[in-house]
2 protein chains.
Amino acid sequence: MLAQQQHRLIHDIYVMLDDGDRRVLETVDLSPLEFAVLQRLDPSQGRRLTDIGAELLCVKSTITRLVDRLEADGLVRRMPDPDDRRAQRLVLTPRGISVRDEAAELHSAAVERRLSLLAPAEQQLLCELLAKLRAGLQRDLAGA
Amino acid sequence: MLAQQQHRLIHDIYVMLDDGDRRVLETVDLSPLEFAVLQRLDPSQGRRLTDIGAELLCVKSTITRLVDRLEADGLVRRMPDPDDRRAQRLVLTPRGISVRDEAAELHSAAVERRLSLLAPAEQQLLCELLAKLRAGLQRDLAGA
DNA sequence: TATAATCGCTTGCAGTTGCAACAGTTGCGC
DNA sequence: GCGCAACTGTTGCAACTGCAAGCGATTATA
């Protein structure tokens with residue numbers, strides 16, 4: 001019963017947050033998923049497409065085409081993986097870094113505004129509980 | 001800073017929950033959004049399509065076509081609204097009720113299993129904090 | 001009362017995503 | 001070394017979604 005309530009709350013909250021994110025990010029021509037990918041990239045050594053897909057729980061073909069778009073916009077570049085000729089390493093271009101930073105700043109400000117409804121102590125507590133929950137879900141997912 | 005952390009946690013948790021929901025619900029041929037619609041329907045008096053869309057933050061055309069599918073499957077029926085000839089009231093068919101109940105049971109069990117990672121007292125606390133957050137976001141959304 | 005603005009829903013179109021099938025690469029057991 | 005399973009990324013296809021335009025019904029305004 002309590003679990004159902006938690007699920008519903010998280011669902012409702014996510015829907016509203018995602019809707020807000022979408023509005024903010026479209027000012028820099030990014031979808032929430034594209035932003036999530038950019039945020040997970042490391043400008044120095046890059047990441048493999050499959051790893052990104054696994055982290056965001058979407059199939060490889062989705063990443064392939066999302067990266068196609070980002071690459072066409074000049075935000076990322078596919079580099080051959082030195083250790084595995086099957087793989088590609090995805091790195092941020094200078095332009096990618098600046099767009100990501102700009103998006104992150106806008107996004108941060110919007111998130112800050114919407115999520116500062118709770119008192120700092122409550123926020124701290126909420127973070128701890130959510131972190132515990134996330135860790136449990138990740139273990140559960142790894143086990144299945 | 002804390003707000004960013006909250007956002008990330010909610011995002012990650014939602015992605016995992018949604019992925020799990022998708023797997024469970026596809027055994028009864030429903031998408032998470034279709035299930036959300038069914039759960040928000042009242043078998044007695046029905047609801048208008050626009051209201052459902054507003055609650056789920058998706059555009060009306062999405063609801064139109066989602067309802068087309070549900071109606072083709074015999075789960076819901078469009079009824080003329082007695083008070084407004086523009087509107088349609090959506091009601092569950094008997095088959096719709098049984099499918100919704102079956103889905104709800106499967107979904108409940110899966111949610112229960114995944115969300116029982118925290119101690120009951122922690123769950124209670126989490127629910128209170130999330131409820132407060134949701135209420136704040138809803139106010140924020142209504143104001144904008 | 002007549003006209004305009006709004007509302008509820010649907011349709012055409014374009015963009016995004018998942019699934020299944022595929023080519024090339026790697027690693028393992030033999 | 002050889003063959004086979006597993007893995008990385010791509011493509012065709014179908015399904016789902018949002019946006020803009022449109023139609024009939026309703027409400028507001030003059």
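Keep in mind the model is a prediction, meaning the values are calculated, not measured. All heavy atoms count here, side chains included; hydrogens, waters and symmetry mates do not. Quick note on labels: first sequence line is chain A, next is B, and so on, each numbered from 1.
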Participant: Within a reach of under 6.0 Å around CD of E55(B), are more than 12 heavy atoms found that belong to other residues, nucleotides or ligands?
Facilitator: yes
Participant: Between L41(A) and L90(A), what is the shortest heavy-atom contact and its length?
Facilitator: CD2-O, 3.7 Å
Participant: How far apart are the closest heavy atoms of D73(A) and R95(A), and which atoms are they?
Facilitator: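 Nearest heavy atoms, D73(A) then R95(A): O-NE, 3.1 Å.
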Participant: Starting at atom CG of L33(B), determine the distance to atom P of dC16(D), rounded to an integer number of angstrom.
Facilitator: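 To the nearest whole Å, that distance equals 10 Å.
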Participant: Would you say the side chains of D18(A) and H11(B) form a donor-acceptor pair under 3.5 Å?
Facilitator: no
Participant: Does the pair L9(A) and L133(B) meet the rule for a side-chain contact (heavy atoms from CB on, under 4.5 Å), with working shown?
Facilitator: CA-CA 9 Å; L9(A) 285 164; L133(B) 182 55; over 6 Å; no
Participant: Starting at CZ of R69(A) and ending at P of dT10(D), how long is that distance when rounded to a whole Å?
Facilitator: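 For the pair R69(A) CZ and dT10(D) P, the rounded distance is 13 Å.
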Participant: Find the distance R47(A):CZ to dG9(D):C1' and express it as a whole number of Å.
Facilitator: 16 Å
Participant: Describe the nucleic acid contact of I63(B) in one word from base, sugar-phosphate, nothing, applying a heavy-atom distance below 4.0 Å.
Facilitator: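 The residue I63(B) makes no contact with any strand.
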Participant: Could you tell me whether T50(B) contacts a base, only the sugar-phosphate backbone, or nothing, with contacts defined as non-hydrogen atoms closer than 4.0 Å?
Facilitator: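 If one applies the 4.0 Å heavy-atom cut-off, T50(B) turns out to touch the sugar-phosphate alone, with no base involved.
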Participant: Would you tabulate the nitrogen or oxygen pairs shorter than 3.5 Å linking the protein to nucleotides 19-25 of chain D?
Facilitator:
unit_1, atom_1, unit_2, atom_2, d
dC19(D), N4, S61(B), OG, 2.8

Participant: What's the separation between atom CG in L115(A) and atom CG in L117(A), rounded to the nearest 0.5 Å?
Facilitator: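 Spacing of CG (L115(A)) from CG (L117(A)) equals 7.0 Å.
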Participant: Under the side-chain contact (heavy atoms from CB on, under 4.5 Å) rule, what do L125(A) and L126(B) come out as? Steps first, then yes or no, please.
Facilitator: CA-CA 9 Å; L125(A) 190 53; L126(B) 181 57; over 6 Å; no
Participant: Reckon R22(B) touches a base, only the sugar-phosphate, or nothing at all at heavy-atom distances under 4.0 Å?
Facilitator: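 If one applies the 4.0 Å heavy-atom cut-off, R22(B) turns out to touch nothing in the nucleic acid.
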Participant: Going 5' to 3' along DNA chain C, between which two nucleotides do contacts with chain A fall, using a heavy-atom cut-off of 4.0 Å?
Facilitator: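 First-to-last contact on DNA chain C, by the 4.0 Å heavy-atom rule, is dT16(C) to dT26(C).
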Participant: In whole angstroms, how far is the P atom of dA15(D) from the CG atom of L30(B)?
Facilitator: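 Result: 16 Å.
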Participant: Over all heavy atoms of both residues, which pair between A103(A) and L25(A) is shortest? Give the atoms and the distance, please.
Facilitator: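 Shortest heavy-atom contact: CB-CD2, 4.1 Å.
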Participant: Please state how far atom CG in D19(A) lies from atom P in dT17(D), giving the value in whole angstrom units.
Facilitator: 15 Å
Participant: Check whether any side-chain heavy atom of K132(A) lies under 4.5 Å from a side-chain heavy atom of E128(A), and answer yes or no.
Facilitator: no
Participant: Expressed as a whole number of angstroms, how long is the span from R48(A):CZ to dT8(D):P?
Facilitator: 5 Å
Participant: What is the distance, to the nearest angstrom, from the CD atom on E34(B) to the P atom on dA15(D)?
Facilitator: 13 Å
